Each structure stands twice: as C-alpha cells, then as structure tokens.
Amino acid sequence: MSDESPAMSRTTAEWQAADAAHFLHPFTDFQSLAAKGSRIITRAEGIYLWDSEGHKILDAMSGLWCVNVGYGQQALIDAATKQLETLPFYNAFFQTATPPAIELAELLAEVTPPQFEHVFFSGSGSEGNDTVVRMVRRYWDLLGQPERQIIISRKNAYHGSTMAGASLGGMSGMHVQGGLPIPGIVHIEQPYWWELGRPQGLTREAFGLQAAGWLEEMILDMGPENVAAFIGEPIQGAGGVIIPATTYWPEVQRICNQYGVLLVSDEVICGFGRTGHWWGCETLGFQPDLMTFAKGVTSGYVPLGGVMVGQRVADVLIQQGGEFNHGYTYSGHPVACAVALANIRLIRSLKLVEHVHDDVGPYLAEAFRQLAGHPLVGDAETCGLMGALLLVKDKLSGEAFDESVGIGMVCRSHCFNQGVIMRAVGDRMIIAPPLVITRNQIDDMVALIRRCLDLTLADAQREGWLR
Ligand SMILES: *Cc1c(COP(=O)(O)O)cnc(C)c1O
C-alpha cells in the first residue's frame with residue numbers, strides 16, 4: 001500500500017466540499033447536509049468504524065442493519081477476490097448459470113424453512129419486493145384468479161425505495177413524493193402496542209390479536225377474492241424496531257390461511273440470525289409463502305437480494321408458468337453470490353445464530369432491562385440483537401416530549417459525539433449491532449448509550465423540556 005490511500009489523500013474539509021458539490025445522498029436534506037458537512041468514514045474493523053479525523057466509532061447499527069459478521073472478515077474478502085479473478089460477471093438470463101449462484105441457491109434452500117426450495121435473485125431488498133409484487137400477481141393469474149391483485153401491507157412498514165418497495169412501505173413521507181402508492185396496495189395499522197394498545201389499556205397479547213384482526217377487516221373490506229397477499233416485516237426495522245406481541249403473527253397466519261391469502265415475510269433485516277433464529281418468521285412463529293432477503297445475506301460487503309419462493313408458489317410458476325417476464329442484469333451476480341456463500345458458511349462456522357440466541361441476545365436483553373430504569377426511558381425492548389429505547393418526558397405516565405424538541409435527534413447527536421452509532425426514529429433510539437459482538441463489547445456499548453441518555457437528560461433539564 002502506498003501512502004496515497006484515498007482516505008489520506010485529502011483533508012476532511014476537502015472531502016466534504018467535493019461531497020456537497022456532487023453527491024446527492026439517499027434520504028437526505030441536501031442543503032442542510034452541505035451546510036454541516038458529512039462525516040467521512042474511511043475504514044472499519046470488527047464492530048468499529050474510523051472517520052477521516054481518526055475518531056473510533058462503535059457501529060451499533062451494523063452499517064445499515066447489514067454488516068452482521070462485522071467488518072474485515074477475510075473469508076468474504078477472499079471469496080470476492082477469487083471470484084473477480086475467475087469470472088467477475090455472467091448473467092443467468094439465456095439458459096446460463098454460474099457455479100456461485102447455483103451453490104448459493106442450494107445453500108439458501110438448506111438454511112431456510114422446509115417450504116423453501118427455490119430462490120429468485122435480485123440486487124437489493126427493494127428489487128426483491130418488486131419481484132414479490134409481480135410474482136404474487138402472476139401466481140393468481142396462473143391460477144385463473146386475476147382479480148386477486150391487492151396486496152395488504154402496514155403503516156410505518158419499510159419495504160424499500162423503488163416504486164413498488166415504497167408503495168408496499170407505509171411511510172407517508174415517501175408516499176407524498178412521486179405519487180405513491182401504486183394501484184392495488186393498501187395499508188392497515190401497525191402492531192405498535194405503546195402507541196395503539198397501551199392507551200386502550202390492553203395487554204400486549206390482547207392488542208396483538210386486535211392488530212391482527214385489522215388484517216381480517218381489510219380482507220373483508222376489499223373482498224377476499226381480490227386479495228393476493230399480505231406482506232410484513234417480522235419486526236419492523238426502519239419503523240423503529242417495533243416488536244409485535246407473540247400473539248400477532250400466529251393470528252395473521254390463521255387469517256391468511258382462512259382466506260387463501262399469500263403470506264410474505266420481508267426478512268431483509270430479520271433474516272440470517274438477527275432475531276436469534278435464522279429467520280424472523282421462526283422467532284415470531286409463522287410460515288410464510290415467500291420471503292424477501294438482502295442486507296445480511298452478504299453482510300453488506302457487496303449488494304445482493306432476493307426472494308425465497310415457497311413450494312405453493314413455486315409449483316404453480318414452474319409447472320403452469322411459461323416464461324416469467326421479469327429479472328435483473330445482476331440476478332445471481334457471481335461475485336455477490338460468492339460473497340454470500342462465504343458469509344453464510346461463516347455464520348455457520350462461528351455459530352452466530354446460536355451466539356445471538358443463547359449468549360449475546362439474552363445478555364443485551366438484560367442490559368436493556370437495566371437501561372429501562374433510566375429517567376428518560378419509558379420502554380426498552382429487544383429481540384435477539386435488535387433493540388429500542390423509547391424516550392419519554394414523564395416516566396410514570398409515559399407522556400411524550402413535545403414534538404418540537406426532537407428528543408431523538410438530540411440523543412442521536414450525543415451518540416455521534418460520544419462515538420457510538422445509534423439511530424433515532426422519532427423518539428425511539430434503536431440499535432442492531434453486528435452479530436459477532438461480544439459481552440464485553442455490549443458492556444462498552446451500553447455504557448456509551450447510558451452516557452448519551454445522561455447527556456440528553458441534562459439538556460432536557462437545562463432547556464426546560466421536562467416541564
Ligand atoms: C432495507 C430494507 C429493504 C430495502 O432494501 P434495499 O437493499 O435498501 O433496497 C426492504 N425491506 C426491509 C425490511 C428493509 O429493512
């Protein structure tokens with residue numbers, strides 16, 4: 001390596017100026033970022049990042065919910081290098097295939113629930129969900145029920161940012177930009193107990209049943225003969241780590257079965273061990289017909305996504321299908337598939353799913369029970385290695401801070417300065433650290449989080465936000 005490594009070749013200010021001049025960032029207010037200047041991340045190792053000023057940062061968000069095996073894993077680097085040298089690209093369109101794509105399909109069938117023997121590859125989670133929309137509608141067409149077009153999703157769901165992904169998602173801020181949702185997609189309320197169940201005095205379990213019941217109401221409103229599928233994240237990620245009651249998903253499953261509606265699990269975050277089982281649907285107790293995956297499939301080292309297609313749908317597509325007029329240039333990209341293979345083998349050899357289930361998951365849960373005692377924390381929840389802290393003004397009543405305070409962003413900026421990356425979704429502070437995290441590292445992370453909560457509380461006292 002020469003000392004001309006890109007990170008060192010310019011100062012932070014120079015990087016920021018060039019960034020502001022040319023790079024339109026995703027989900028970003030361009031003008032305010034240009035004014036503040038972005039933080040330039042230059043390298044990473046394990047669960048830590050370094051910025052261009054040399055600050056070390058604990059990455060409690062795994063990049064963007066994806067770097068599950070942590071940074072710098074040599075097996076993934078070697079797999080990419082070897083595949084780039086052997087065959088950097090070939091497509092899977094015209095009766096061709098590459099060994100990494102075939103082997104990955106085979107391995108995915110092995111690590112997914114028994115109803116899954118087939119996969120359709122995409123380049124991302126959003127594209128995977130576009131595939132879902134086309135595939136479920138195609139399925140009903142082939143079965144002679146073309147009127148089954150409607151896909152039911154949930155408010156505050158996140159399913160990606162393409163036209164179909166953002167339409168399936170239930171983010172109103174996204175719908176107002178670009179004329180979404182596309183036709184045939186409707187939304188029910190999310191299973192967020194704190195906001196919707198608690199005010200009614202319902203237990204979490206009773207609320208879980210009520211929230212699932214909204215699906216049945218919507219199916220009946222639309223007419224079951226018009227409903228193709230229901231899609232949901234086992235645990236909503238970008239929506240703020242909303243963990244549904246244990247009663248919710250089994251009841252959703254029962255309702256889908258009753259009306260013949262396909263059940264789609266968006267496992268882009270929950271898949272590959274995040275919740276303490278290989279798949280979120282295994283933790284939450286349901287058997288989907290289709291599963292979208294991305295992010296953790298390669299631990300984010302290179303882009304890859306896809307859809308696991310259950311036997312119910314695969315049988316129809318394969319036996320009655322004819323040509324499915326759908327696919328992406330990078331469906332089954334050999335380098336991405338080679339990295340995914342190395343990643344999944346590493347998850348197995350390091351026993352990361354067991355590590356989350358038996359060791360660090362319960363350990364994090366206990367740490368969050370302690371944090372729940374903090375004066376600012378109204379509710380603290382985890383599932384596997386996903387967690388959320390709800391910041392409230394009044395711990396006893398659960399009263400929220402005035403929206404104008406933006407308490408989540410206040411806390412987030414302390415996190416930024418203290419060297420830990422947490423995300424703020426409204427008043428919920430969320431984490432999803434790499435699955436390789438150790439107990440000692442969890443102690444460090446929780447100590448940093450506690451310090452940020454203390455600093456936020458001090459702000460609130462000084463500024464009079466608690467009154
Ligand atoms: C991130 C995410 C997506 C979109 O994946 P991209 O790779 O960003 O397109 C879809 N669904 C869920 C649940 C996600 O978290």
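In listed order, ligands and their atoms are each counted from 1. Along the sequence shown, residues are numbered consecutively beginning with 1. Because the structure is a prediction, the values reported are computed rather than measured.
Side-chain atoms of Y71 and D59 include a donor-acceptor pair closer than 3.5 Å.
A cation-pi geometry, defined here as NZ or CZ lying under 6.0 Å from the six-membered ring centre and within 45° of its normal, does not hold between R138 and F324.
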Quick one: side chains of residues 331-341, donor-acceptor pairs under 3.5 Å with protein atoms, not counting sequence neighbours, listed by atom name and distance.
residue: S331; atom: OG; partner: F121; partner atom: O; Å: 2.7
residue: S331; atom: OG; partner: Y328; partner atom: N; Å: 3.1
residue: S331; atom: OG; partner: Y328; partner atom: O; Å: 3.2
residue: H333; atom: ND1; partner: V335; partner atom: N; Å: 3.1

Pairs under 3.5 angstrom only: tabulate donor-acceptor contacts from the side chains of residues 261-274 to other protein residues two or more places apart or in another chain.
residue: S265; atom: OG; partner: E267; partner atom: OE2; Å: 2.8
residue: D266; atom: OD1; partner: V268; partner atom: N; Å: 3.0
residue: D266; atom: OD2; partner: N129; partner atom: ND2; Å: 2.9
residue: D266; atom: OD2; partner: H159; partner atom: ND1; Å: 2.7
residue: E267; atom: OE1; partner: G280; partner atom: N; Å: 2.7
residue: E267; atom: OE2; partner: G280; partner atom: N; Å: 3.4
residue: E267; atom: OE2; partner: C281; partner atom: N; Å: 2.9
residue: R274; atom: NH1; partner: L385; partner atom: O; Å: 2.8
residue: R274; atom: NH1; partner: A432; partner atom: O; Å: 3.4
residue: R274; atom: NH1; partner: P433; partner atom: O; Å: 2.7
residue: R274; atom: NH2; partner: S62; partner atom: OG; Å: 3.2
residue: R274; atom: NH2; partner: N68; partner atom: OD1; Å: 2.9
residue: R274; atom: NH2; partner: A432; partner atom: O; Å: 3.4
residue: R274; atom: NH2; partner: P433; partner atom: O; Å: 3.2

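In this structure a side-chain-to-backbone donor-acceptor pair under 3.5 Å is present from S153 to L168.
Remark: R198 pairs with W193, W194 by the side-chain contact (heavy atoms from CB on, under 4.5 Å) rule, at least two apart or across chains.
Enumerated by chain and number, the residues approaching ligand 1 to less than 4.0 Å through a heavy atom are S124, G125, S126, N129, Y158, H159, G160, E233, D266, V268, I269, K295.
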